[in-house]
Amino acid sequence: MLWVMRFSGFFSAAMVMIVLSPSLQSSFHPAEAIRSSHGGDSYLRLPTSTHFFDKFYFRRAPVFRNADECRSSKSEKSSVCDPSLVHVAITLDVEYLRGSIAAVHSILQHSMCPESVFFHFLVSETGLETLVRSTFPELKFKVYYFDPERVRNLISSSVRQALEQPLNYARNYLADLLETCVTRVIYLDSDLVLVDDISKLWRTNLAKKTIGAPEYCHANFTKYFTEHFWTDSSLSGVFSGRKPCYFNTGVMVIDLAKWRRFGFTRRIERWMEIQKTSVSRIYELGSLPPFLLVFAGHVAPMEHRWNQHGLGGDNVRGSCRDLHPGPVSLLHWSGSGKPWLRLDSKKPCPLDSLWAPFDLYGQ
């Protein structure tokens, strides 16, 4: 709870305790498109600006150690295949780098076993792994190159340009990118922070489902697809016999073994192809609708505390939002308003002060 003492601006520490305390009352495809590097040992052949490190400077994070009761790894330098590890996948790119670093910091700070968390960073440019190593010298991680050409011709224009970036679609290829020994992974967006132990999220019971995520069945599901989609039974019939609910793809627990077995990457790609070749569009948003088409109605539900999303407002104005009722374990600034940009502009929203303590950017 030390981070509460550092809040400033719109909330007093007492107010933050009232809002967040319910979540804190617990004890404790093709291979040729894929390359990877361990830690700072990069061998990606991609262009990087020579001024990159002049633009980004992050303070070194504190060292976080496992509690005594944590299961120790067989060796000090764990293999990615170590069964005791918690696997987390996050994208790294220049535009959202500040958010990704803050997300990692928040995970480590709230984990009882931070040395048992292994990060899988998805990138489309080089140099970022060196920055991660300098910020988190003892972090267990690996960097994976995702080729933007893999999806460039499948991406449709969206309501917000940021949603059209190829790296947004890297989550569709985790089963191909990560080692086959990694059979479960938590995927997280770059604009969130955790205020709870990630091992609780890792232990989500997926039952017979491939993915788990908080569902929002009160949301108007029809708005995620066009009138053309709903009036063409050959398209909308995909939901026949299902009870589809909206879910946000920024926080998911994924059974990679099942994903590989049933070929879900190709199923998602097929819907993206239909969108591109259809007489009329079948959806307007970016990477979300194909996920809904494949998985909605087949999702292992999770508590809403694990994705308090929408804090970045809508996809156009990025206006301020309040927390949803209930306990909070993860704060997610989905939408166009990002906390680091609003804080820098001196026009933050009240909840942006909850993100600020995990920001390691600058002197």
Side-chain angles (χ1 to χ4, degrees), residues 29-46 71-92 104 107 113 115-124 126 128-129 132 139-151 154 166-189 198-199 201-213 249 251-270 272 287 290-291 294-295 298-300:
H29 214 320
E32 61 268 19
I34 302 164
R35 296 182 186 175
S36 64
S37 66
H38 282 284
D41 300 324
S42 170
Y43 57 86
L44 306 184
R45 304 294 194 265
L46 295 171
R71 178 182 173 186
S72 60
S73 299
K74 295 178 181 178
S75 63
E76 188 173 326
K77 197 169 185 178
S78 300
S79 161
V80 68
C81 296
D82 187 330
S84 69
L85 296 173
V86 170
H87 295 275
V88 179
I90 301 178
T91 59
L92 291 181
V104 172
I107 291 169
C113 308
E115 294 175 284
S116 299
V117 182
F118 194 103
F119 290 87
H120 303 263
F121 294 119
L122 314 179
V123 306
S124 290
T126 189
L128 299 176
E129 63 277 6
V132 171
L139 191 71
K140 290 183 173 68
F141 75 93
K142 188 172 180 179
V143 172
Y144 303 77
Y145 173 59
F146 176 71
D147 186 354
E149 298 306 316
R150 185 73 183 89
V151 293
L154 293 173
L167 199 58
N168 281 340
Y169 295 82
R171 74 192 81 186
N172 303 358
Y173 299 89
L174 284 168
D176 297 326
L177 289 163
L178 274 55
E179 290 79 356
T180 56
C181 64
V182 180
T183 58
R184 172 179 282 224
V185 69
I186 297 170
Y187 175 82
L188 298 175
D189 272 352
I198 197 167
S199 66
L201 183 58
W202 177 254
R203 294 194 295 268
T204 297
N205 181 10
L206 297 181
K208 295 182 179 181
K209 303 295 194 297
T210 302
I211 68 169
T249 54
V251 180
M252 296 184 290
V253 179
I254 306 173
D255 185 328
L256 293 176
K258 282 193 177 72
W259 185 295
R260 295 176 181 123
R261 188 181 316 135
F262 295 106
F264 284 115
T265 295
R266 182 58 194 143
R267 296 192 196 186
I268 290 173
E269 286 182 329
R270 180 57 185 147
M272 295 173 69
S287 59
F291 256 88
V294 172
F295 291 110
H298 298 307
V299 176

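All values below were derived from every heavy atom in this structure, side-chain atoms included, with hydrogens, water molecules and symmetry-related copies excluded.
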Sorted by chain and number, sequence neighbours left out, ring-ring contact (aromatic ring centres under 6.0 Å, His included) with Y187 holds for none
key: Student check: side-chain heavy atoms of V151 and P166 closer than 4.5 Å   = yes
Please tell me if the side chains of F119 and L92 come closer than 4.5 Å, counting only heavy atoms from C-beta onward. no
Closest non-hydrogen contact found for I211 with L206 is C-CD2, 3.8 Å
Q. Does a side-chain heavy-atom distance below 4.5 Å link Y169 with E269?
A. no
Residues at least two apart in sequence or cross-chain that pass salt bridge (Lys or Arg N to Asp or Glu O under 4.0 Å) with R260, listed by chain then number, are none
By side-chain hydrogen bond (donor to acceptor under 3.5 Å, both in side chains), H120 pairs with (sequence neighbours left out) H87, Y144
Contacts of T249 meeting side-chain hydrogen bond (donor to acceptor under 3.5 Å, both in side chains) (sequence neighbours excluded), chain-then-number -> R171
Using only atom types and a distance under 3.5 Å, with no angle test, would you say the side chain of K140 pairs donor to acceptor with the backbone of E115? yes
By salt bridge (Lys or Arg N to Asp or Glu O under 4.0 Å), K258 pairs with (sequence neighbours left out) D255
Side-chain heavy-atom pair I107, L188 within 4.5 angstrom cut-off
yes
Residue set satisfying side-chain hydrogen bond (donor to acceptor under 3.5 Å, both in side chains) with W202, at least two apart, ordered chain then number -> none
Taken in chain and number order and not counting sequence neighbours, the residues that satisfy side chain to side chain contact (heavy atoms under 4.5 Å, CB included) with S199 are D197, R203
By side-chain hydrogen bond (donor to acceptor under 3.5 Å, both in side chains), T91 pairs with (sequence neighbours left out) S190
